[in-house]
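All remarks here apply to the structure that follows.
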Amino acid sequence: MYHDTSSELEHELQSRHGLGLSEFEVLQILAGRCRVESGHKVKMKDLEAEMYLSQSALSRTVTRLEKSGLVGRAACDFDRRANFLMLTPEGRERWEAARPTHRAVLERHLA
């Protein structure tokens, strides 16, 4: 069941919105914790704690999102090893557009 659901999520999100499942989930976490207009940021380390990805896989996912203009990355002023992530307006738009697709697939598989 998990494999079928995640495979369909991956396919539908990619074909309709140009997002992989991991990318959607990063945007979803950021959207839940950031307001674009207020400039809220999330520590990369905190995002890692909420994701199922390894540190390197998450870093690659964030890099893809950053190159697409969907997230921004900033260094921490007081700890150079730490990075912050911010959801861009484009990232919020893409996430909002993809939410109904994500929900519909989950409803089909879990109803």
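Note: hydrogens, waters and symmetry copies are ignored here, and every other heavy atom, side chains too, is used.
- For the side chain to side chain contact (heavy atoms under 4.5 Å, CB included) test, residues two or more places apart in sequence or in another chain that qualify with Glu66 are Val71, Arg73.
- Glu96 has its side chain within reach of Arg92: a pair of non-hydrogen atoms, C-beta onward, lies under 4.5 Å apart.
- For NE2 of His11, the number of neighbouring non-hydrogen atoms (other residues, nucleotides, ligands) closer than 6.0 Å is 12 at most.
- Contact check for Met86 versus Leu30: no side-chain heavy atoms found under the 4.5 Å cut-off.
- Between the CE atom of Met51 and the CG atom of Leu58 there is a distance of 6.0 Å, given to the nearest 0.5 Å.
- For the side chain to side chain contact (heavy atoms under 4.5 Å, CB included) test, residues two or more places apart in sequence or in another chain that qualify with Thr61 are Ser22, Glu23, Val26, Leu53, Arg64, Leu65.
- A distance of 8.0 Å separates CD in Glu12 from NE2 in His17, rounded to the nearest 0.5 Å.
- The cluster map of Ile, Leu, Val, Met, Phe, Trp and Tyr, joined by side-chain heavy atoms under 4.5 Å apart, puts Leu13 and Tyr2 in different clusters.
- Ala31 approaches Leu87 most closely through the heavy-atom pair CA-CD2, 3.6 Å.
- Not counting sequence neighbours, Glu93 has no partner by the salt bridge (charged side-chain N to carboxylate O under 4.0 Å, His left out) test.
- With sequence neighbours excluded, the residues satisfying side chain to side chain contact (heavy atoms under 4.5 Å, CB included) with Ser68 are Leu70.
- Closest non-hydrogen pair, Thr88 versus Gly69, comes out as OG1-O, 2.6 Å.
- Side-chain contact between Arg94 and Phe24 is absent, with no heavy atoms from C-beta onward closer than 4.5 Å.
- By the 4.5 Å heavy-atom criterion applied to side chains, Arg103 and Glu107 are counted as neighbours.
- In this structure, the side chain of Ser59 does not engage the main chain of Gln55 through any donor-acceptor pair within 3.5 Å.
- Side-chain contact check for Ile29 versus Val42: every heavy-atom pair is 4.5 Å or farther apart.
- Residues that satisfy the salt bridge (charged side-chain N to carboxylate O under 4.0 Å, His left out) test with Glu8, not counting sequence neighbours, are Arg108.
- Checked against salt bridge (charged side-chain N to carboxylate O under 4.0 Å, His left out), Glu50 has the following partners two or more places apart in sequence or in another chain: Arg33.
- Side chains of Tyr52 and Glu25 form a contact here, defined as non-hydrogen atoms less than 4.5 Å apart.
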